[in-house]
Amino acid sequence: FAGAMLRIDLSRTIDTIRRSARLVERTRELEIRTRQLEAEVAARAEAQLALAHQATHDPLTGLPVRSLFLADGDRLVEGKQSRATVLIIDLDRFRDVNDTLGYHLGDELLSEAAARLVTLTNDEGIGCRLGADQFGVLVPEWPAHRCTPPMPQPCCAWPTRPCTSPNQNAPERRCTPSTTWRPAPTG
């Protein structure tokens with residue numbers, strides 16, 4: 001009788017060990033699958049952020065597009081008696097550059113203009129690409145000392161310095177920005 005009990009206990013012990021081994025194996029599988037799912041969720045979240053950025057930013061210049069410019073502009077001046085200054089910058093003779101030298105040089109000029117726009121806005125405002133050769137700037141509280149007619153002081157260097165292609169082999173072609181601005185009301 002003792003031998004039979006020993007065999008039953010041994011059999012139960014072996015079954016318990018097998019179940020425990022399966023449980024440990026299944027736990028490892030679940031841990032691996034959990035890490036895979038977490039990686040998939042992170043990749044999807046990253047892809048969603050990339051898609052949102054693509055939908056709201058110009059692929060050539062990286063600047064916000066018109067819809068984001070308007071939404072961010074609304075947020076900047078919302079609930080404030082803001083004295084916002086809005087600039088619209090158009091690159092004169094840009095079509096000539098595209099038509100005579102090719103779109104690749106036109107793209108280089110747009111990229112240079114975008115880089116200038118980023119330095120112009122700093123952290124004080126919002127810049128965007130409105131259309132083919134048009135850019136916009138909104139500065140919510142442009143200080144009065146920076147406004148010198150006919151346009152804000154930081155812009156003065158931009159229109160007098162034409163955008164030229166950084167391509168050393170390209171023939172000289174220039175796009176001169178023309179700027180329209182509406183200063184903040186005074187008083």
Side-chain angles (χ1 to χ4, degrees), residues 45-99 101-168 170 172-187:
E46 190 174 311
Q48 286 176 334
L49 286 174
L51 285 173
H53 186 270
Q54 287 175 0
T56 57
H57 289 77
D58 177 62
L60 176 64
T61 63
L63 293 174
V65 295
R66 181 188 316 253
S67 60
L68 185 60
F69 178 69
L70 295 173
D72 284 351
D74 286 345
R75 274 194 294 281
L76 271 178
V77 297
E78 184 178 289
K80 299 177 184 175
Q81 287 190 316
S82 180
R83 297 181 355 178
T85 299
V86 178
L87 295 95
I88 306 298
I89 302 165
D90 182 77
L91 298 179
D92 296 333
R93 296 186 301 278
F94 179 73
R95 181 177 292 271
D96 293 341
V97 171
N98 268 350
D99 291 346
L101 299 177
Y103 290 106
H104 63 287
L105 288 179
D107 288 350
E108 290 178 11
L109 290 174
L110 290 172
S111 295
E112 180 185 343
R116 290 186 194 184
L117 186 67
V118 168
T119 60
L120 173 69
T121 58
N122 281 332
D123 294 330
E124 296 175 359
I126 301 169
C128 82
R129 184 169 177 199
L130 293 172
D133 63 345
Q134 292 181 335
F135 297 89
V137 178
L138 173 88
V139 180
E141 296 288 333
W142 198 290
H145 72 277
R146 289 178 63 184
C147 293
T148 304
M151 66 187 149
Q153 195 64 33
C155 294
C156 291
W158 189 353
T160 58
R161 195 177 89 221
C163 294
T164 57
S165 171
N167 184 339
Q168 299 297 325
E172 178 77 7
R173 285 291 193 273
R174 296 172 177 229
C175 286
T176 306
S178 59
T179 307
T180 303
W181 71 293
R182 183 170 189 309
T186 56

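Because the structure is a prediction, the values reported are computed rather than measured.
Of all heavy-atom pairs spanning Pro64 and Gly127, the tightest one is CD-O, 3.2 Å. Summarising the geometry of Val65 relative to Ala55, their closest heavy-atom pair is CG2-O, 4.0 Å, with the distance given to 0.1 Å. Nearest heavy-atom pair across Leu130 and Cys128 is CD2-SG, 3.4 Å.
From Glu112, atom CD reaches atom CG of Asp107 across 13.0 Å, with rounding to the nearest 0.5 Å. The NE2 atom of His104 sits 10.5 Å away from atom CG of Leu109, with the distance rounded to the nearest 0.5 Å. Note that CG of Leu110 is 7.0 Å distant from CG of Asn98, once rounded to the nearest 0.5 Å.
Between Leu87 and Phe135, every side-chain heavy-atom pair lies at or beyond the 4.5 Å cut-off. Using a 4.5 Å heavy-atom cutoff, the side chains of Ile89 and Gln134 are not in contact.
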Quiz item: What do the steps show when you test Leu63 against Val118 for side-chain contact (heavy atoms from CB on, under 4.5 Å), and what is the final call?
Solution: CA-CA 8 Å; Leu63 293 174; Val118 168; 3.8 Å; yes
Quiz item: Stepwise, does the side-chain contact (heavy atoms from CB on, under 4.5 Å) test hold for Leu60 with Ser111?
Solution: CA-CA 7 Å; Leu60 176 64; Ser111 295; 4.0 Å; yes
Practice problem: Determine, step by step, whether Ile126 and Val137 satisfy the side-chain contact (heavy atoms from CB on, under 4.5 Å) criterion, reporting the C-alpha distance in whole Å, the side-chain angles of both residues, the deciding distance to 0.1 Å, and the verdict. | Solution: CA-CA 6 Å; Ile126 301 169; Val137 178; over 6 Å; no
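Pairs of residues two or more places apart, or lying in two chains, that qualify as salt bridge (charged side-chain N to carboxylate O under 4.0 Å, His left out) and include a residue from residues 126-140 are Asp58-Arg129.
Side-chain atoms of His53 do not come within 3.5 Å of backbone N or O of Leu49 as any donor-acceptor pair.
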